[in-house]
Amino acid sequence: MSELRVRFAPSPTGYLHVGGARTALFNWLLARNKGGTFILRIEDTDVERSTRESVDAILEGMKWLGLEWDEGPFYQSDYFPLYKGYVQKLVTAGKAYRCYCGAEELDAKRNLAMAEGRKPKYDGCCRDLVAQPDDQPHVIRFRAPQNGATSFDDLIKGTITFPNEELDDLIIQRTDGTPTYNFCVVIDDATMSITTVIRGDDHVNNTPRQIQLYEALGFPVPQFAHVPMILGADKARLSKRHGATSVIAYRDMGYLPEALLNYLVRLGWSNGDDEIFSLEEMIQKFDINNVGRSASVFNTEKLNWLNAHYIKNSDPEGLADLLKPHLIARDLSTHNGPDLVAVIKTLQERSQTLEEMADRALFYYKAPTVYDEAALAKFDKELLLAVFAAVMEKLSSSSASDVAAIDALFKEVCSEAGWKMGQVGQPVRIALSGGTQAPGIGEIVVTLGVAETVRRIGAARDFVAGR
RNA sequence: GUCCCCUUCGUCUAGCCUGGCCCAGGACACCGCCCUUUCACGGCGGCGACACCGGUUCAAAUCCGGUAGGGGACGCCA
């Protein structure tokens, strides 16, 4: 076990989205790669917006992806007294002070500054107040250094430097006495001995302020690694209008966790030309230094390709369990019909998602009641009737039970009657599945069973004959 | 507006640190061809990028400067 300690710290104001999932994944990967510790911390200092449902949704997403944490989940709301103590410590040391400016007043100043093209930072009007009564509404501000610069060596972005004059005295405790985010992260990361902070790009601007806090409190400053954003197809920050962003939504759309993980790890990170990574390979090869510096666009097409890959290479028994919810959602029971595992084997090579697989599996359990008319129209009625009759006859008098034998049977039918395979296979496919997009004839027949096959062909024959 | 960051095929990226092997490699998508009883899988091939302008150098995707574009932050949100 190395000294490395990382954490994933989502705020429970929504579900676990793909961006957060990737951040969590990078943290998890680094911890597993270095034999470190991965901590889950829920940042719920905003009591107003944090919800239990969001916490549950995040935990559900983490578990589905298999990103197991070693410590936690810790809730910041459980540590308010701790934060308060540190706030007091800063006030006593003169490194923080009470500010009596009202929120509206501050808003007005900020808007005015923006409108006039000035930087909208706090003007420091309460900074040197002599009288600091405790019985009037106030927030606590951190007295930030005003000269010099604060810089850090980001593991992903390199050295980043901020002039201190750009930073103002940030609020560390609200009027209601609760601590704010920027203060809590510092206290938590310090007291939890976090050595490496991996988080979204949108936090770079907070980093210098936090570093100043670490220094004021006498804490060692951790290393930082800011991962770039994930964008939508229009290169704007990924949001719901780009489609699904929740990892649970991806589960429901029929994606495998290993596929999502594989897709996410390649979004921003690479290992030469490698594309497919098992969990073990990811852990072994992951290196935070190989994470790119620029934002990347979420591309569902590639996710689909990966998902198809994992579906193809998963064992059908495991797939059966994962597929069931999708079948149930279609009111489909697999009790009266072919073995689900056998069905899945015929569908693995042609499904990009479990949803697609469920759709394709439908016909095995529900005999077609309508047929693809356009496809049927390509054959003469007489040919159709002759083919159906010949196939039923051949099948009924044979004991063939494997795909190769069934295929051989169809070849016999063709050669005996002088038909081409297309003239026989396609009509039978339509008879069995209702349409033209289906697994190979031999596969369907074997999976469905000869009896059911003959029954369906008979039904199709009656349908054609009755037209 | 101010500050911070980013910029290689449509997309994800390799290469950049340690200039020449790069008239830039891989993958997804797309387009052909092959395989084939459909749909797929698979195989083969094709299309397609170093944002721009200067500089340094015998030589620049790689180093330096600038421009443009994009993103992020500027909250008593996280």
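All chains are named by letter (A, B, ...) in the order of the sequence lines, taking the proteins before the strands, and each is independently numbered beginning at 1. The figures here come from the full heavy-atom set of this structure, side chains too, leaving out hydrogens, waters and symmetry mates.
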Please tabulate the protein-to-nucleotide N/O contacts below 3.5 Å involving nucleotides 62-68 of chain B, giving atom names and distances.
none

Restricting both atoms to N or O, compile the protein contacts to nucleotides 9-13 of chain B shorter than 3.5 Å, with distance only.
residue: rU11(B); atom: OP1; partner: K235(A); partner atom: NZ; Å: 3.0
residue: rC12(B); atom: OP1; partner: V297(A); partner atom: N; Å: 2.8
residue: rC12(B); atom: O2'; partner: R266(A); partner atom: O; Å: 2.9
residue: rC12(B); atom: O2; partner: K302(A); partner atom: NZ; Å: 3.3
residue: rU13(B); atom: OP1; partner: G268(A); partner atom: N; Å: 2.4
residue: rU13(B); atom: OP1; partner: S296(A); partner atom: OG; Å: 3.4
residue: rU13(B); atom: O3'; partner: S270(A); partner atom: OG; Å: 3.1

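- Among residue pairs with one or both ends in residues 256-271 of chain A, those qualifying as salt bridge (charged side-chain N to carboxylate O under 4.0 Å, His left out) are R266(A)-E275(A); sequence neighbours excluded.
- For A390(A), the side-chain contact (heavy atoms from CB on, under 4.5 Å) partners two or more places apart in sequence, or in a different chain, are V413(A), W419(A).
- Using a 30° and 60° split on the angle between ring planes, Y250(A) and F298(A) fall in the tilted class, from 30° to 60°.
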Along nucleotides 46-53 of chain B, 5' to 3', which nucleotides get a B, which get an S, and which get a -, given that the test is a protein heavy-atom distance under 4.0 Å?
--------

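- In the region residues 96-112 of chain A, proximity to RNA chain B at under 4.0 angstrom, judged on heavy atoms, holds for C101(A), G102(A), A103(A), R110(A).
- Nucleotide rG19(B) forms no Watson-Crick or G-U wobble pair with any nucleotide shown, as no partner meets the under 3.5 Å limit on both distances.
- Straight-line distance between the C1' atoms of rC21(B) and rC16(B): roughly 15 Å, to the nearest whole Å.
- Taking R293(A) as the reference, nothing meets the salt bridge (Lys or Arg N to Asp or Glu O under 4.0 Å) condition, with sequence neighbours excluded.
- Here the separation of rC33(B) from rG72(B), taken at their P atoms, is 44 Å to the nearest Å.
- In this view, R22(A) satisfies the salt bridge (Lys or Arg N to Asp or Glu O under 4.0 Å) rule with no residue, not counting sequence neighbours.
- Applying the ring-ring contact (aromatic ring centres under 6.0 Å, His included) rule to F286(A) yields the partners F26(A), W269(A); only residues at least two apart in sequence or on another chain are considered.
- Between the CG atom of D274(A) and the C1' atom of rC28(B) there is a distance of 16 Å, rounded to whole Å.
- Identified under the salt bridge (charged side-chain N to carboxylate O under 4.0 Å, His left out) test for residues 163-178 of chain A, with sequence neighbours left out: K119(A)-E166(A), R127(A)-D169(A), D168(A)-R209(A).
- Checked against rC39(B), rA78(B), rG42(B), the side chain of T45(A) finds its nearest nucleotide in rA78(B).
- Contact of the E452(A) side chain with the I444(A) side chain is not registered, since no non-hydrogen atoms from C-beta on lie closer than 4.5 Å.
- Residue pairs that meet the salt bridge (charged side-chain N to carboxylate O under 4.0 Å, His left out) test with at least one member in residues 369-391 of chain A, sequence neighbours left out, are E373(A)-R467(A).
- When the side-chain nitrogen and oxygen atoms of T180(A) are compared with OP1 and OP2 of rA78(B), none of them lie within a distance under 4.0 Å.
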Could you go over nucleotides 17-19 of chain B and give all protein N or O partners under 3.5 Å, atom names and distances?
none

